[in-house]
Amino acid sequence: MTKEVKKKGIEIGAGIVLYLTVWAASVQTGLNRQEETTVFLLPYIVLALETYKSLFRQIIKLRFPDEDLLIVIATVGAFFVGRNKEAVAAMLFYQVGKMIEEISMSRTKKSIAEFIDIRPEYANLKTGGMEEIVLPQDLKTGQTIILRPGGRIPVDAEVTAGTGTVDTKAITGEAEPKVVGPGDRIYSGCINLSGVLEAKVIRLYKDSTAEKVIELVERANEKKSDSLHFADRFTRYYTPIVILIAFVTILVLPMMFTGEREEWIYRGLIILVAACPCGLMVSIPMAFLGGIGSASKYGVLFKGSAFLEDLTKVDTFVFDKTGTLTEGVFHVQKIVPSQMTEEELLEKAVLGEAYSMHPIAVSLREAYGKTIDRARVKGISDFPGYGLRAVVDGKEVYIGNSRLMKKRGLFYQPVTEVGSAVHVAVDGKYAGYILISDAIREDTEKLMKWLHRRGLSTVMLTGDNERVAEAVAKQLGIESVYAELMPEDKVEQIEDFMESRMEDEKVAFIGDGINDAPVLARADIGIAMGGLGADAALEAADIILMEDEPSRIISAIRIARATLRSVKQNMIFAIGMKVILIALAFAGYVTMQNAIIADMAVMLINIMNSFWMMKYPE
Ligand code: ADP
Ligand code: MG
C-alpha cells in the first residue's frame with residue numbers, strides 16, 4: 001500500500017467516526033439548523049481538507065480546475081440549503097472513490113514496475129587473479145566480469161570464456177534459454193542460468209539493454225494518445241458546461257416552474273455531483289498503462305500510449321525484406337570467379353567487407369571461416385544500397401550489386417539465377433561474383449496469414465534485386481513489391497503511402513533497424529525487430545520487438561485493440577450513465593448520496609474493465 005493510500009484511509013476512517021458521532025449527538029440534542037450545520041462541518045473538514053488544498057493549488061497555478069470543483073460547489077451548496085448530512089456523505093463517498101482510484105493506479109504501476117525490475121544490483125569484476133564485487137554503474141568497457149549461475153547480467157558484454165545458458169525472458173519474453181559461449185554477446189537484465197562465464201564489458205551500464213528498456217517503459221506514458229488527449233479536452237469543456245446546467249437549474253428554473261426554491265437549488269447541486277467524471281478519468285490512463293505492461297510481457301515495447309492507439313488504425317504493413325522477412329543470414333550458393341580461383345575471389349570479397357556490418361558482409365565472413373588480417377584493408381567507403389569500395393593489398397576493390405558496377409562503369413557478368421549476386425571488381429577489372437541467398441524466417445508466414453485474413457495490406461520494400469524480391473513475396477503472399485530501392489527511395493515510398501491514406505489510416509513500417517532507421521522514423525509507426533543490443537532500433541522505432549520474431553506483431557495488435565476497446569467501452573458506459581443520472585436528478589428522482597454512489601459504481605466497473613483487459617488481452 002502506498003503512503004497516499006494509507007493517508008487517505010486514515011482521513012476517511014476519522015471522517016466516518018466523526019460523522020457518526022455528530023449524527024448521533026444531533027439526533028439526541030435536537031439542534032437548530034445553524035447549530036447542525038456547524039457540527040456537521042467538523043467531519044466535513046476532516047474529509048475535504050486535502051481536496052480544498054489541491055483545488056487551491058490548481059487555481060494559483062491558473063490550471064483549469066477538475067472534478068474537485070464540482071464536488072466542492074455541490075457540497076458547499078448542500079450546506080447552504082441545510083442538507084448537512086448529505087453534504088458530508090457526498091464528500092465521504094467522493095473520498096472513497098479517490099482512494100479506489102489511488103489503489104488501482106498504484107497496482108497498475110506496480111505490475112509494470114515488476115516487469116521492469118530487471119536492474120542488476122552488482123557485478124563481479126575480475127582484477128588480476130582476484131574478484132571484486134562492484135556496482136554495475138562502476139564498470140568500464142574492456143573490463144572482465146565473472147558471471148555465476150543465478151546472477152543477473154550487469155552490463156552488455158561479450159563472453160570470453162566458459163559456456164552456459166542465459167534466460168532472456170525478462171527482456172524478450174522468450175521462454176527458451178539461449179546457449180552462449182565465447183564470442184557471443186550477452187545483455188544486461190538477462191539471467192545466467194548455468195555455467196560460470198567470463199565476459200568482457202562492451203557497454204557502460206547506462207548504455208546497456210536493461211537500463212534502456214527501463215527508460216523506454218517509464219517514459220512511455222509521457223507520449224499521450226489521442227484518447228488521453230480527448231479525455232483531457234473533454235473535462236475542459238465538460239466541467240464548465242455541467243456547472244452552467246446546474247446554475248440554470250438553480251437560478252432560472254425556479255422562476256419558470258412552481259415549487260420550492262431550495263428544492264431546485266438542491267437538484268442543481270445533485271446534477272453537479274452526478275456529472276463528476278472521475279471514474280472515466282482514471283480508467284483511461286489505466287487501460288493504456290495496462291496495455292503497455294501486458295505487451296512488455298510478450299517482449300513488445302511500446303514507446304508511448306499513442307502508439308497503442310495508432311497501431312489499431314494501421315491498414316498497411318510495409319516490410320523490409322533483408323533481415324526482417326528473411327533471416328538476414330546469407331548462404332553462399334555459388335562462387336563464379338573470372339581469372340582467379342574461387343578461394344581467391346572469396347578472400348578478396350571478405351577482406352573488402354572486413355569492417356562492414358551489413359548482413360551480406362557478416363555472412364560472407366562467416367562462410368569464409370578463417371580469420372582475416374584487417375591490416376591489409378584500407379580506405380573504405382560505403383555506398384548504402386550499392387555496396388562498398390575498399391583498398392585491399394594496395395588494390396582498389398569494388399564489392400556490391402550490379403547497380404554499383406554500372407555506376408562505376410565497370411563491366412560485369414549479368415546473373416539470371418535467383419539469389420543475390422555480390423560482384424567484385426579489382427583495380428577496374430571484373431573478378432567475378434558470389435551468389436548468395438537468404439532463407440525466409442519461419443514465423444513470417446504465420447504473421448502474413450494473420451494479417452491477410454484480417455484484410456490488412458502488406459507491402460515489401462527491398463534494396464535487393466527484382467527476382468529475389470518476387471520469389472520471397474510470392475511465397476509469403478505479399479501483394480505489392482518494390483525492389484532495388486535505395487535507402488532514400490524507401491523513405492519516399494513510405495511518404496507516398498502515407499499521403500494516399502485517410503486521416504485515420506496509418507502506415508506501419510517493420511524493419512530490422514540496422515539500416516532502416518530513417519524509414520522507421522518516418523513511418524506513422526516504426527516497428528523495429530531485434531531490440532536486443534540494437535541501439536538504432538531502440539532510438540528510431542516507436543514499437544520494438546525484443547526478439548527477432550515478426551509474429552510478435554500479432555500480440556502487439558491484439559493488445560492494442562483490446563486496450564482501445566476497453567477505453568471505448570468505458571467512455572460510452574460512463575458518459576451514458578452520466579446522462580441518465582443527470583436527467584433523473586433534474587426530474588428529482590435522485591438524492592445527492594445516491595448520485596455519488598452511482599458514480600462510484602460506474603468508476604468501479606470501469607476500473608474492473610481495465611484490469612480485466614490487462615489480465616486477459618484477448
Ligand atoms: P535491404 O533493403 O534488402 O535490406 P540494403 O538497402 O541494405 O538492402 O542493400 C541493398 C543492396 O545493396 C543489397 O541487396 C546488396 O546488393 C547491396 N549491398 C549493400 N551493402 C552491401 C555490402 N556491404 N556488400 C555487398 N553488397 C551490398
Ligand atoms: Mg535491411
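Note that these values count all heavy atoms, side chains included, but never hydrogens, waters or copies made by symmetry. Read the numbers this way: they start at 1 and go in the same order the structure lists the ligands and their atoms.
Residue Leu485 places no N or O, backbone or side chain, under 3.5 Å from any N or O of ligand 1. On a distance-only criterion, Thr462 and ligand 1 share at least one N/O pair closer than 3.5 Å. For the pair His358 and ligand 1, the shortest N or O to N or O distance falls below 3.5 Å.
The ligand atoms of ligand 1 that sit less than 4.0 angstrom from a heavy atom of Leu388 are 23 (N). Atoms of ligand 1 lying under 4.0 Å from any heavy atom of Ser356, numbered from 1 in the order shown and given with element: 23 (N). Those atoms of ligand 1 with a heavy atom of Asp464 less than 4.0 angstrom away are 3 (O), 14 (O). When each atom of ligand 1 is checked for a heavy atom of Gly385 under 4.0 Å away, the hits are 10 (C), 11 (C), 12 (O).
Considering Asp438, Thr326, Asp464 in turn, Asp464 is the only one that fulfils the side-chain hydrogen bond (donor to acceptor under 3.5 Å, both in side chains) rule with Lys321. Put simply, the residue from Asp310, Asp496, Asp315 that forms a salt bridge (Lys or Arg N to Asp or Glu O under 4.0 Å) with Arg501 is Asp315.
Counting heavy atoms from C-beta on, the side chains of Leu364 and Phe330 never come closer than 4.5 Å.
For the pair Lys406 and Tyr412, the cation does not sit on the ring face, since its NZ or CZ is not both under 6.0 Å from the ring centre and inside 45° of the axis.
With a 4.0 Å cut-off on non-hydrogen atoms, Phe383 does not touch ligand 1 at all. Of the heavy atoms in Asp320, only side-chain atoms (C-beta onward) come closer than 4.0 Å to ligand 1. Under 4.0 angstrom from ligand 1, the non-hydrogen atoms of Lys490 all belong to its side chain.
Not a single heavy atom of Ser420 sits less than 4.0 Å from an atom of ligand 1. Ligand 1 has no atom lying under 4.0 Å from any heavy atom of Glu484.
Defined by atom type and a distance below 3.5 Å, a donor-acceptor pair is missing between the side-chain atoms of Thr209 and Ser188. Counted by atom type alone, Tyr398 and Arg408 present one or more donor-acceptor pairs between their side chains at under 3.5 Å.
Residues Phe317 and Phe497 keep their aromatic ring centres 6.0 Å or farther apart.
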Working for side-chain hydrogen bond (donor to acceptor under 3.5 Å, both in side chains), residues Thr458 and His452: CA-CA 8 Å; Thr458 50; His452 291 147; 2.8 Å; yes
